[in-house]
Amino acid sequence: MKYIKFFTLAILAVALMACGDDEPKSTFTRDFNMVYPQLPAGHKSISKIERIYDNGDKSVATATYDGDHLKSVNVVTTGRDNYSNEETIIFDYKNGAIICDKAIQDVTYSFEVNSFGAINRLKNVTTSQTAAAMVYNESGRLDATQVVTASTTGTTKYDWMSGNITQWVSRDVNKLDSVVYEYGTDAIPNKGCIDIPGNETITFTKFVCAFMRNAGLFGTTSAYLPTAIKKDFDYSQAEDQNSSNPQLKRYNITYELDSDGYVKSYTTTENPKYTVKFTYR
C-alpha cells in the first residue's frame, strides 16, 4: 500500500510540474541592455482586459508582471459556433526578445529600444527579417510605423496635438485605413495610460498591443481619452462611389470611471456594439 501511495504522489508531482511548464520557450540568447520605460505619475498597470460584444463574441486578456515590468499576456477569444482561439506572449528582457505561442505558428521576435525604453524595431529571429520599425517624436510618442509581413509592407503615420493622438493613417498596396479622434470639452484625462479605442495594431494582436502601450513599450499614450472616433470608410456618402476621399463613420464613446478617475470600462456605438472592461493591479 505504501508503494502505491508513493507511486501516486510521484505521478501527481510530475503532472503538476508539466502544468506549470506551459509557457512558450525560446533558445534565442544575446547580450542585451534593456532600458525600461519611465511611466508617468498616476500610471496604473493593467492586469485584465475584457471585450464583450452584444452578439456574444468575447475576448479576455490577462497579464502577469515581474515587479513593475510586463512579463506575459494571455488572450482567449471565444465566439459563435464554438469558435475559440488562444495565444500567449512572453517578454524576455534579459535577451531582448518576445516569445509568441500562437495557434497558427510559434514565433520569437528580438527587439531594440530607444532612450525612452520604447521598442523601435522587431525582428523575426528565425528569418532574420525585420517585422516592424517604429519612429517616435521628441515627446516619446509614435510618429510612424512600418510593419512587414510575408505578403506586404504597410506604413502608418500618426498625428498628435497637445499630447493627444488626432489621427492615424495606414497604407499598403491593398489597403487604406484611418481613424480620426475627437476630444470634446468633457474629455477625460487618461490617468491609467490605457490604450485608446480604435488604435492601430503593430505586429501583435489588439490586446497584446494594449498591454504593451500601457507598459510604455510602444511609447507614451494619449494624454486624454477621445469622446468619439471616426473610422470605417463609408463610400455610400460620397458623391462618386469611386471617390479617393470617402467619408468616415462617426462612433461615440462613453466611459465608466472609478472613484479615483480611472477608466473601469468604455462602450462604443459601433456595430456590433461592444464594451471593454479594465482591471488594474
Side-chain angles (χ1 to χ4, degrees), residues 22-24 32-52 58-77 86-101 109 111 113-120 122 134 136 139-142 163-165 188-226 253 255-267 275-281:
D22 288 338
E23 290 186 353
F32 183 75
N33 182 27
M34 179 63 188
V35 177
Y36 290 102
Q38 297 298 308
L39 301 172
H43 172 273
K44 276 192 175 184
S45 297
I46 298 170
S47 60
K48 182 164 71 172
I49 304 174
E50 300 172 82
R51 180 177 60 189
I52 305 169
K58 183 177 182 179
S59 294
V60 179
T62 54
T64 64
Y65 291 81
D66 183 3
D68 293 329
H69 309 309
L70 182 64
K71 180 181 179 183
S72 70
V73 177
N74 175 259
V75 184
V76 177
T77 301
E86 182 174 5
E87 64 174 328
T88 300
I89 310 296
I90 302 295
F91 297 87
D92 175 6
Y93 300 108
K94 178 181 178 182
N95 296 296
I98 300 175
I99 307 158
C100 308
D101 179 11
Y109 297 99
F111 64 82
V113 294
N114 61 16
S115 59
F116 295 104
I119 294 173
N120 55 20
L122 289 161
M134 285 68 73
Y136 299 84
S139 300
R141 293 181 168 87
L142 265 175
N164 298 315
I165 186 171
I188 300 166
N190 190 6
K191 293 180 66 174
C193 298
I194 68 170
D195 194 16
I196 60 176
N199 216 340
E200 176 77 318
T201 59
I202 304 171
T203 301
F204 308 102
T205 55
K206 181 179 294 292
F207 290 123
V208 173
C209 289
F211 279 107
M212 293 177 71
R213 287 193 175 99
N214 174 254
L217 295 172
F218 280 149
T220 305
T221 55
S222 190
Y224 279 76
L225 297 167
I253 309 167
Y255 298 90
E256 180 186 8
L257 308 180
D258 66 15
S259 58
D260 296 319
Y262 292 89
V263 176
K264 293 172 60 178
S265 67
Y266 69 75
T267 302
T275 297
V276 176
K277 299 179 180 181
F278 297 90
T279 302
Y280 301 92
R281 295 176 69 197

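No hydrogens, no waters, no symmetry mates; every other heavy atom, side chains included, goes into these values.
With hydrogens and angles disregarded, no donor-acceptor distance shorter than 3.5 Å links the side chain of Asn190 to the backbone of Asp195. Between the side chain of Tyr266 and the backbone N or O of Ile196, no donor-acceptor pair lies under 3.5 Å. In this structure, Asn214 contributes its side chain and Ser47 its backbone to no donor-acceptor pair below 3.5 Å. A donor-acceptor pair is defined here as one N or O able to donate and one able to accept, closer than 3.5 Å; such a pair exists between the side chain of Tyr93 and the backbone of Leu70. Side-chain atoms of Asp101 do not come within 3.5 Å of backbone N or O of Thr88 as any donor-acceptor pair. Remark: side-chain polar atoms of Tyr65 are paired, donor with acceptor, to backbone N or O of Ile46 under 3.5 angstrom. Checking side-chain atoms of His43 against main-chain N and O of Ala215 turns up no donor-acceptor pair under 3.5 Å. In terms of modelled atom types and a separation under 3.5 Å, the side chain of Asp260 and the main chain of Tyr262 share no donor-acceptor contact.
If you run side chain to side chain contact (heavy atoms under 4.5 Å, CB included) between Val113 and each of Asn33, Val35, Asn120, only Val35 comes through.
In plain terms, the two heavy atoms of Ala61 and Phe207 that are nearest each other are CB-CB, 3.8 Å. What you find for Ala118 and Gly219 is that their closest heavy atoms are CB-N, 3.7 Å. Closest of all the heavy-atom pairs between Pro197 and Ile253 is CG-CD1, 3.8 Å. Smallest separation of non-hydrogen atoms from Pro37 and Gly216: CG-O, 3.5 Å. Considering all non-hydrogen atoms of both residues, Glu87 and Val208 come closest at OE2-CG2, 4.1 Å. Here the shortest heavy-atom pairing between Arg141 and Gly163 reads NE-O, 3.4 Å.
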I'd like to know whether Val75 forms a side-chain contact (heavy atoms from CB on, under 4.5 Å) with Val60, so could you lay out the CA-CA distance, the side-chain angles of the two residues, the decisive distance to 0.1 Å, and finally the verdict. CA-CA 6 Å; Val75 184; Val60 179; over 6 Å; no

Report the C-alpha distance between Ile194 and Thr221 in whole Å, list the side-chain angles of each, state the deciding distance to 0.1 Å, and finish with yes or no for side-chain contact (heavy atoms from CB on, under 4.5 Å). CA-CA 7 Å; Ile194 68 170; Thr221 55; over 6 Å; no

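The environment of Lys48 atom NZ is sparse: at most 12 non-hydrogen atoms of other residues, nucleotides or ligands sit within 6.0 angstrom. Atom OH of Tyr224 is surrounded by 12 or fewer heavy atoms from other residues, nucleotides or ligands within 6.0 Å. A 6.0 Å sphere centred on CG of Asp68 holds no more than 12 heavy atoms belonging to other residues, nucleotides or ligands.
Distance NZ/Lys206 to OG1/Thr201: 6.5 Å, rounded to 0.5 Å. Going from atom CG of Leu225 over to atom NZ of Lys191 covers 11.5 Å, rounded to the nearest 0.5 Å. Going from atom CD1 of Ile49 over to atom OG of Ser265 covers 12.5 Å, rounded to the nearest 0.5 Å. In this structure, Thr275 OG1 and Lys58 NZ are separated by 12.0 Å, a value rounded to the nearest 0.5 Å. To the nearest 0.5 Å, atom CZ of residue Phe116 and atom OG1 of residue Thr220 are 7.0 Å apart. A distance of 5.0 Å separates SG of Cys209 from CZ of Phe218, quoted to the nearest 0.5 Å.
A donor and an acceptor atom, one from each side chain of Ser72 and Thr64, are located under 3.5 Å apart.
At a threshold of 4.5 Å between non-hydrogen side-chain atoms, the residues Ile98 and Ile119 count as touching. No side-chain heavy atom of Thr77 sits under 4.5 Å from any side-chain heavy atom of Thr205. Residues Leu217 and Phe111 fail the side-chain proximity criterion, which asks for heavy atoms closer than 4.5 Å.
With sequence neighbours excluded, no residue forms a ring-ring contact (aromatic ring centres under 6.0 Å, His included) with Phe91.
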